Amino acid sequence: MHDLLVRDIGYLVLEPGSEIADAWLAISAGRVAAVGARGTEPVARQTISAGQRTVTPGLINTHHHMYQNLTRSYGPAVNGSLFDWLTGLYPIWENLDEEAVYVSTYVGLAELLLGGCTTTTDHLYVHPRPNLIDAQIRAARDIGFRFYPTRGSMSLSIEDGGLPPASVTQDADTILADSQRLIDTYHDPQPGAMTRIALAPCSPFSVDETLMRRTAEMSESSGVRLHTHLAEDLDEHTYCMERYGRTPVEHFEDVGWAGNRSWVAHFIHPSGSETRRLASAGVGVAHCPSSNMLIGSGTARVAALHSEGMAVGLGCDGSASTDHASLWLEARTALLLGRFIGGPTSMTARDALGIATVGSARCLGWDDELGRLTPGSVADLVAWHMDPVSLAGAHTDPVEALLRCGPARAWITVVNGRVLVESGELRVAGLADALVEHRRISTRMQHSFAH
Ligand code: ZN
C-alpha cells in the first residue's frame with residue numbers, strides 16, 4: 001500500500017513536455033512510486049484531492065539570503081546601487097544572532113512553501129556570531145523542508161580594501177574551520193537527503209583570493225559544491241580590474257573555481273568567450289530576474305547561456321533585494337524578462353518552468369532525483385491554486401496558463417512525501433509565534449540602527 005495518493009489531478013507535469021491530463025500520483029517512502037490515469041487509482045494510507053488543479057514538480061530555489069527578510073524594503077537603502085544598498089545594510093545585519101536567524105529562516109521557508117518551492121539553498125554570509133547556519137538547519141528540520149544551506153563568508157573588510165565593515169567579516173581560518181565542521185556535522189551525500197551543505201564565499205569585493213583558493217581545495221577534498229555571486233554588477237567589474245587586474249570571471253577562473261561543482265548567482269556581465277569557457281567547465285547559473293530588475297544593473301542572457309549548454313536555475317535572491325520569495329512569481333518574471341530581451345520565440349512557459357525545476361536541480365548537481373515527478377524521483381510537488389476568475393477562458397494549455405494567467409499560489413505542497421500546505425494553508429505549527437518574534441526582532445534591529 002502506498003503512503004500518499006494525490007488524486008483528481010487536472011493536469012500532471014512530470015517534467016515540462018512530459019505531461020498527463022486527468023491523472024493521479026502515488027508516493028511511497030518519500031518517492032514518487034507510480035502515476036496513472038483517472039479511474040485506475042491505487043490504495044494508499046492517506047489520500048488528498050488536487051481538485052482538478054495542475055500539479056508540477058516542486059520548484060527549486062538556487063539563490064537566496066533569507067535573513068534579509070528582517071530588513072525587507074528597508075527605506076534608507078532601497079533606492080541606491082548594489083554597493084549603496086549593501087553598505088546601508090551591513091551595519092544592521094551585524095546584529096544577527098541565532099534567534100534572529102532561526103526565526104527569519106522559519107518565516108522564509110514558510111513563504112517559499114506558499115510560492116511552490118520544495119527545495120531551497122540559502123546563502124548566509126554575515127556571521128557576527130557563531131552557529132548561525134546550525135540555527136537555519138534547525139528551522140528547516142522543524143518544518144520538514146529540503147534544505148541546501150551554503151556556508152557564506154566575507155573576509156575582506158574596508159581596512160583591507162573590501163566593501164563590508166570589519167564587524168561582519170571573519171578571518172579565513174575561522175571560516176574554513178566552521179565550513180569543515182558544518183560539512184562533517186550536516187552534509188548528507190546520500191540519495192533523498194534532506195540536508196546538504198555547500199561552500200559560498202560571498203563576492204570578489206568581500207572575499208580575499210586566499211580564501212577563494214582554500215575553499216576550492218576544501219570542495220575538492222570534501223566533495224561539496226561551491227557557490228558565489230559572479231558578474232552581478234559593473235561596480236564589481238571595476239573593482240576587480242583595479243584590485244586584481246582582471247575581470248570577475250578571469251578572477252573566478254584564476255582562483256580555481258571554474259569546475260562542475262560550482263554554480264554562481266546572476267552572471268550578468270560575462271563576455272561571450274567567458275560564457276563559453278564557464279559553460280565548457282560545467283559551471284551553472286542561478287538566474288534571479290526580480291532582483292536583477294530591482295537592482296537595475298542588467299540581467300542574465302538566459303537564452304544565450306542555454307545555447308552554450310549551461311545549467312540555468314532559478315533564484316529569488318535576498319529578501320531585501322527582491323522583497324518576496326515566491327518562486328512562481330520568479331518563474332513568471334523569468335518568462336517575461338526572457339521574452340522581453342530575446343524576442344517572442346526565445347522563451348516559453350515550459351522553458352521557464354524547466355529553469356525552476358530541472359535547471360535548478362542541475363545547478364545543485366542533484367538532477368538524478370530532484371526537479372521531476374517521474375517514478376523514482378523524490379516526492380516534492382505542488383498543486384497550484386489559481387483563482388477561477390484569473391483562469392476564465394484559459395482552456396488550451398495548462399502550463400502556459402499557469403505562468404501567464406496567475407497569480408498562482410500553492411494549494412498543496414508536498415515535501416519528501418509530507419503535506420506541508422493543504423487547501424492553500426500552511427501546516428506549519430509554529431508560524432504564528434515565529435511571526436510575532438520576527439516582528440519584535442526586525443523592529444529592534446532596524447530601530448537600533450536608526451537611533
Ligand atoms: Zn545574492
Side-chain angles (χ1 to χ4, degrees), residues 60-74 77-78 80-90 92-93 96 101 104-105 108 111-112 117 120-127 132-133 136 148-154 156 162-164 168-169 198-207 212 225-237 239 248 252 257 262-270 283-300 312-327 329-330 333-334 360 363-364:
I60 300 169
N61 189 16
T62 57
H63 187 66
H64 199 0
H65 314 285
M66 282 187 245
Y67 74 92
Q68 292 179 6
N69 65 23
L70 294 160
T71 52
R72 263 211 273 233
S73 64
Y74 179 70
V78 84
S81 69
L82 175 66
F83 278 23
D84 294 336
W85 177 83
L86 284 169
T87 50
L89 283 164
Y90 286 139
I92 301 181
W93 295 340
L96 281 178
V101 167
S104 60
T105 304
E111 184 183 13
L112 286 166
C117 177
T120 191
T121 59
D122 196 60
H123 187 190
L124 175 55
Y125 55 80
V126 182
H127 292 269
L132 299 186
I133 290 182
Q136 291 202 288
Y148 209 137
T150 68
R151 205 306 181 177
S153 53
M154 297 195 292
L156 200 60
L163 192 69
V168 291
T169 62
L199 304 179
C202 188
S203 61
F205 50 85
S206 60
V207 176
M212 289 296 283
R225 297 183 75 75
L226 292 168
H227 182 52
T228 192
H229 295 92
L230 184 64
E232 178 179 6
D233 191 87
L234 291 174
D235 286 344
E236 172 195 343
H237 187 92
Y239 180 93
F252 178 87
W257 274 55
S262 297
W263 88 100
V264 299
H266 305 303
F267 205 53
I268 296 169
H269 300 292
V283 175
V285 173
H287 176 43
C288 307
S290 293
S291 171
N292 292 171
M293 288 196 287
L294 277 167
I295 290 175
S297 59
T299 190
V312 180
L314 194 66
C316 60
D317 204 2
S319 302
S321 59
T322 304
D323 296 306
H324 77 87
S326 162
L327 268 272
L329 185 52
E330 285 304 305
T333 307
S360 286
C363 279
L364 302 183

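All heavy atoms count here, side chains included; hydrogens, waters and symmetry mates do not. Since we're looking at a predicted model, the values are computed, not measured. Order of appearance sets the numbers: ligands from 1, and atoms from 1 within every ligand.
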Using ring centroids (six-membered ring only for Trp), state whether Phe83 and Tyr239 fall under 6.0 Å.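 Not under 6.0 Å, so no.
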Establish, yes or no, whether a centroid distance under 6.0 Å links the rings of His269 and His237.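 No: the rings miss the under 6.0 Å criterion.
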Any N/O/S atom, backbone or side chain, of Cys288 lying under 2.8 Å from the Zn ion (ligand 1)?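 Coordinating: no.
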Rounded to 10 degrees, the angle NE2 of His65 makes with NE2 of His63 at the Zn ion (ligand 1):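 Here the angle at the metal atom is close to 100°, to 10°.
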If you look at Asp317, which of its N/O/S atoms is nearest to the Zn ion (ligand 1)?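 It is OD1, the N, O or S atom of Asp317 closest to the Zn ion (ligand 1).
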In terms of the angle between their ring planes, are His266 and His229 parallel, tilted or perpendicular, with boundaries placed at 30° and 60°?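 Aromatic pair His266/His229 classed parallel.
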Does some side-chain heavy atom of Trp85 sit less than 4.5 Å from a side-chain heavy atom of Tyr90?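 Side-chain contact under 4.5 Å: no.
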